Amino acid sequence: MPDPEESSPDEKLYRIRHSLAHVMAQAVLEMREGSTLGFGPPIDDGFYYDFILSEPLTESDFPELEQRMRRILKKGQRFYQEEVPVEEAFARLEEMGEPYKREYAQELVERDTLQSLSFYRNGPFLDMCEGPHVDTTREIARDAFKLRSVAGAYWRGDSDNVMMTRIYAWAFADKETLDETVAAFELAQERDHKRLGRELDLFTFDDDVGRGLPLWMPNGTVIRDELEKLAVELEFKAGYQRVATPHIAKSGLYAQTGHLDHYRESMYPPMEVVEETPDGASLRESYMLKPMNCPHHHKIYAARLRSYRDLPLRLAEYGQVYRWEASGAVSGLARVRMLSMNDAHIYCTENQIRDVFAEVISEYDEAYRILGLKDYTIRLSRWDPDDPKGREKYVDAPEDWERTEAIIADLLDAMDIDYEDGQGEAAFYGPKLDVMFRTVTGRVEQLSTVQLDFAVPPRIGLSYVGDDGAEHVPYCIHRAPLSTHERFVALLIEHFGGAFPTWLAPVQVRVITVSENYGDYARGLVERMRANFVRAELASENDTVSKKIRDATTRKIPNLLIVGEREVAAGTVTLRRHGIREQLTLPFEEFEAGLAKTIANRSLEFTTP
RNA sequence: GCUCACAUAGCUCAGUCGGUAGAGCACGUCCUUGGUAAGGACGAGGUCAUCGGUUCGAAUCCGAUUGUGAGCACCA
C-alpha cells in the first residue's frame, strides 16, 4: 500500500477533509436527530467524526448517509467563521445540547487562557472548531470520499469515559486518488497474515485450545526455526550466553519484581497447589505463568557473586511467555496470549548503558538488513509524570526516569537517529526504545524493543562487586530485536506477501516432472537436496505440468525445478523462480551450488554461482 | 474490557416467504503420461458455532454464550 496521502492544516486537502467531517456530521444529525458531537478531525487518508447517537447507525446506513452528504455538497454551503466570546460560547454550546464540546471548550479556555472560541457554520450546521475549512462545499468533489467503517471510540481516548460511535471515511481531492487508495487497500487485504497463514498452512487457532493461543503448523514452524537460528547466530557473535528457564514461577517472585504491582492485569491468574506435608499439615503454594523472562534471568544473575569484570553479562533465551491480553486486542498472530520471544537481558553498569544500547541497535540493523525491512520508525518511550494512572503504570522514581531517559536521548542524538517522542509509552521499570512498523493494512505496530530497567535489579537485590570492592546495583537492558515470533512472523508474512525468500520458505524447492517417466531422476534430485538439509519435495505426479506449476505458484514456493526428457538426458534442471517468467536451464550441480549459497547468505534473491 | 457487525463442508460462498442443505476449490478412487497458472469421470464431507426460547415445524425469527472481524482502550 502506498504511503497515505497526509495533509497539514495549510493544505487544501486538509481543509477538504475537515469540511467533509462537518458535512458528514450535518448528515448524521439529519438522520439521527438529537445526537451529540465529539471530535471530528482530518486524518491521514480521510477523516472521522465521533457521535453519541440517538439511534444506532451501522454500515448498512452508509448509502443513505453518503447520498445525504452529496446532496449537501451540491448545495454549495458556505463556511463562515465566528469568534465568540467565551461566556457566550459556553452558553451557546449548552443551548445546542453539546455537553462534550462544552467540556472541551472549558478545557481549552483554561489551558490557553482564551478570550473567545472559534465556531464554523455551514448551512444549518454549527460546530465549535478551529478550522480551517474550504470556502464552499462546491470545492469538494462529490465522488472523492467514501465512508469506511463504524466503530466505537472512547471520548478523549480514555476508557473511563463514554464510548462514542466513530464513523471513518476516506477522502481525497479527486476520485482517482480515492479509487487508487481503495484498490490498494483491497489488494493489501490479500497479504493479511491471517489470510495467508490459512492459505499457506502456517498456523491455526482452535477454540478448544483457547483464544490467542497459536498452533504453529509444520510450514509456520519452519519460519520460526529459521528466525531462531538467525537470532542464535547473531547473538553468539555478539557474546550472548544462552539460558533456559521454566514457564512458571512462584507468585512471590512477581511480587518482588513489581510485576504484581504494575503488570498484574496482563498476567494469567495464579495456580494454587496444595501439598500434604509428612506431619499432616498442608502446604499451599501459588504459581504464575511468566509474563516476561526477566525475573528468571535475574535469578540466574543472582545465583552467583558477580564482579564488574563480568559486565556486561548477556543472557539470552528463546522463551515462551504468557500474557492475559484483553479479549478485544487478540488478533491473529499480531496479538496473542502466548508469546515466543528471542529475549535477552544485559546486565551492565551505568557507564556501559550507552555502549550496550548502541550495540543492540546495530544488532537490529543487521537483522532488518537481512530481511530487507526498511519501513519503520523509532520511538523513545518515556514515562508520563502527569498520568493520573501513573502510580499503577510506572515505578515511582522521578529522578531515575529523568536520568535514564536523558541517557537514551543523548545516545540517539549522538548516533544521529531520528525518533518520535513516546511519552507515556514506557515499561513500568524504565524507558525504552521501540521500533514501530506499519502493517500492509496501515496499522502501526510496535515490534522490536530495547528497554532500560533501573527499577527491578535493586528490588530483587541484584549486585556486583565494583573495582572499589564495594557492592553496586547493575542496570538491566531488556531487548527483543525480532519482537516475538508471533508478531514478527505476522509482519514478515505481510512484508513478503507469503512469498518468502528461499532461506525462510517452508518448501524451498519443488521438483516437477513433465511425466512420470522422469520420476526416478526427480526423486534422485530431491533425495540429494534433502541430504544437504534443503527442504525439497516432489510434486504430485498425477497432474499435468500446468496444474503442477499452478499449485506451486499458489503455494508461493520460491524455486521450481522442471525436469523432462531434455533435462534427464543432459543432467540439467529447468529453474523457474517464483514471480519470474524467464526460466533458466542449468546443470543440477550448478543449481545446487547456487542454492547452497542463496541459503547460506540468507539472500532475498537467488544467487547464481 | 468497550462499540458495531458477522458465524452454513477443510477454504471461498449460495440458500427466496420458517417446510429438515447447495456450488466451486481442496480431498479420495479411477482414467489420462500430459513441456509451463486449473485434463476427465465418479465419490466422500455438514448436530447450519453452542445453549435456550417462539412455532405443528427453525440454517432462517428472538435471547444468551463462545468465537471472528473493524475500531477504541491496552500492548511485543
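Order of the sequence lines sets the chain letters (A, B, ...), proteins ahead of strands, with each chain counted from 1. Source: prediction; values computed, not measured.
Counting heavy atoms of neighbouring residues, nucleotides and ligands inside a 6.0 Å radius, atom CD of A:Gln189 exceeds 12 of them. At most 12 heavy atoms of other shown residues, nucleotides or ligands fall within 6.0 angstrom of atom CZ in A:Arg391. No more than 12 heavy atoms of other residues, nucleotides or ligands shown are found within 6.0 angstrom of CD on A:Glu265.
B:G46 and B:C31 have their C1' atoms separated by 30 Å, with the value rounded to a whole Å. Taking atom P in both B:C72 and B:A14, one finds a spacing of 28 Å when rounded to whole Å. With both ends at atom P, the span from B:G19 to B:A44 equals 26 Å, rounded to whole Å. Rounded to a whole angstrom, the distance from the C1' atom of B:G67 to that of B:C27 is 26 Å. B:U12 and B:A7 have their C1' atoms separated by 14 Å, with the value rounded to a whole Å. Rounded to whole Å, the C1' atom of B:A49 lies 11 Å from the corresponding atom of B:U68. Comparing the P positions of B:C2 and B:A64 gives a spacing of 13 Å, expressed to the nearest Å. Between B:U55 and B:U20, the distance separating the two C1' atoms is 15 Å to the nearest Å.
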Worksheet item: Can A:Phe428 and A:His259 be said to form a ring pair (Phe, Tyr, Trp, His ring centres under 6.0 Å), step by step?
Response: CA-CA 9 Å; A:Phe428 77 79; A:His259 283 81; 5.0 Å; yes

Practice prompt. Output, in order, the C-alpha distance, side-chain angles, deciding distance and verdict of side-chain hydrogen bond (donor to acceptor under 3.5 Å, both in side chains) for A:Thr181 and A:Asp45.
Written response: CA-CA 8 Å; A:Thr181 304; A:Asp45 48 13; over 6 Å; no

Worksheet item: Does the salt bridge (charged side-chain N to carboxylate O under 4.0 Å, His left out) test come out yes or no for A:Glu359 and A:Arg314, once each step is laid out?
Response: CA-CA 12 Å; A:Glu359 158 199 317; A:Arg314 302 175 181 85; 2.8 Å; yes

Item to complete: Report the C-alpha separation of A:His18 and A:Phe47 in whole Å, then their side-chain angles, then the decisive distance to 0.1 Å, and conclude whether the ring pair (Phe, Tyr, Trp, His ring centres under 6.0 Å) test is met.
Response: CA-CA 7 Å; A:His18 202 171; A:Phe47 62 92; 9.7 Å; no

Worksheet item: Checking salt bridge (charged side-chain N to carboxylate O under 4.0 Å, His left out) for the pair A:Asp158/A:Arg156: CA distance, chi angles, key distance, verdict?
Response: CA-CA 5 Å; A:Asp158 186 336; A:Arg156 320 261 356 232; over 6 Å; no

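Remark: C1' of B:A73 and CH2 of A:Trp324 are 17 Å apart, rounded to the nearest angstrom. Between the CD atom of A:Glu425 and the C1' atom of B:A73 there is a distance of 12 Å, rounded to whole Å. Atom CD in A:Glu186 sits roughly 19 Å away from atom P in B:G69 (whole-Å rounding). Distance, A:Phe39 CZ to B:A73 P: 13 Å, rounded to whole Å. Between A:Lys389 atom NZ and B:G1 atom P there is a gap of 17 Å when expressed in whole angstrom units. Taking atom CE of A:Met267 as the reference point, atom C1' of B:C75 lies 16 Å away to the nearest angstrom. Following rounding to the nearest Å, A:Tyr48 (OH) and B:C72 (P) show an atom-to-atom distance of 9 Å. Taking atom CG of A:Asp453 as the reference point, atom C1' of B:A76 lies 16 Å away to the nearest angstrom.
At a threshold of 4.0 angstrom between heavy atoms, the contacts of A:Glu325 include nucleobase atoms, whether or not backbone atoms are also involved. In this structure, A:Leu447 reaches the sugar-phosphate backbone alone: every heavy-atom distance under 4.0 Å involves primed, P, OP1 or OP2 atoms, never a base. If you check every strand for non-hydrogen atoms under 4.0 Å, A:Phe488 touches nothing. Counting non-hydrogen atoms under 4.0 angstrom, A:Val321 reaches nothing in the nucleic acid. Residue contacts shown for A:Ala326 include a base, since a base heavy atom lies under 4.0 Å away. Backbone-only contact: A:Gly332 has heavy atoms under 4.0 Å from sugar-phosphate atoms and none from a base. The residue A:Lys432 sits close only to the backbone: its heavy atoms come under 4.0 Å of sugar-phosphate atoms, none of a base.
In terms of modelled atom types and a separation under 3.5 Å, the side chain of A:Arg17 and the main chain of A:Ala171 share a donor-acceptor contact.
Side-chain N/O atoms of A:Gln446 include one lying less than 4.0 angstrom from OP1 or OP2 on B:A76. Remark: A:Thr165 is not in phosphate contact with B:U3, judged by side-chain N or O atoms under 4.0 Å from OP1 or OP2. Contact annotation: A:Arg211 side-chain N/O to B:U68 OP1/OP2 distance is under 4.0 Å.
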Worksheet item: Which string of ( ) [ ] | and . matches RNA chain B, if you list each base 5' to 3' and count Watson-Crick or G-U pairs only when both distances are under 3.5 Å?
Response: (((((((..((((.....[..)))).(((((.......))))).....(((((..]....))))))))))))....

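If A:Val435 and A:Val330 are placed on RNA chain B by their nearest nucleotide, the residue sitting closer to the 5' end is A:Val330. The 5' end of RNA chain B is approached more closely, in terms of each residue's nearest nucleotide, by A:Gly157 than by the other of A:Gly157 and A:Ser483.
Using modelled atom types, one finds no donor on one side chain facing an acceptor on the other under 3.5 Å when comparing A:Asn542 with A:Ser540. Between the side chains of A:His578 and A:Asn559, no donor-acceptor pair is found at a separation under 3.5 Å. Between the side chains of A:Asp201 and A:Asn219, no donor-acceptor pair is found at a separation under 3.5 Å. Side-chain N/O atoms of A:Thr245 and A:Lys290 include a donor and acceptor closer than 3.5 Å. A:Tyr368 and A:Ser448 share a donor-acceptor pair across their side chains, judged by distance under 3.5 Å alone. Side-chain contact check for A:Glu103 and A:Trp155: at least one donor-acceptor pair (N or O, by modelled atom type) lies under 3.5 Å.
A:Tyr318 meets the ring-ring contact (aromatic ring centres under 6.0 Å, His included) test with A:His485; sequence neighbours excluded.
Of all heavy-atom pairs between A:Glu98 and A:Ser35, the closest is OE2-O, 4.2 Å.
Residue side chain A:Arg487 reaches the base of B:C75 through a donor-acceptor N/O pair under 3.5 Å, judged by distance alone.
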Restricting both atoms to N or O, compile the protein contacts to nucleotides 60-65 of chain B shorter than 3.5 Å, with distance only.
none

Polar atom pairs (N or O), protein with nucleotides 9-12 of chain B, under 3.5 Å:
unit_1, atom_1, unit_2, atom_2, d
B:U12, OP1, A:Arg198, NH1, 2.9

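Between A:Val435 and A:Ile378, some side-chain heavy-atom pair lies under the 4.5 Å cut-off.
With a glycosidic angle no further than 90° from 0, B:G45 counts as syn.
Contacts with RNA chain B (heavy atom under 4.0 Å) in residues 147-156 of chain A: A:Ser149, A:Ala151, A:Gly152, A:Ala153, A:Tyr154, listed by number.
Using bins of under 30°, 30° to 60° and over 60° for the plane-to-plane angle, the ring pair A:Trp401/A:Tyr394 lands in the perpendicular bin.
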Item to complete: Give the B/S/- string for nucleotides 33-39 of chain B, one per nucleotide from 5' to 3', where a protein heavy atom under 4.0 Å of the base yields B, of only the sugar-phosphate yields S, and otherwise -.
Response: BBBBBBB

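The side chain of A:Lys194 lies closest to B:G69 when the candidates are B:U3, B:A76, B:G69.
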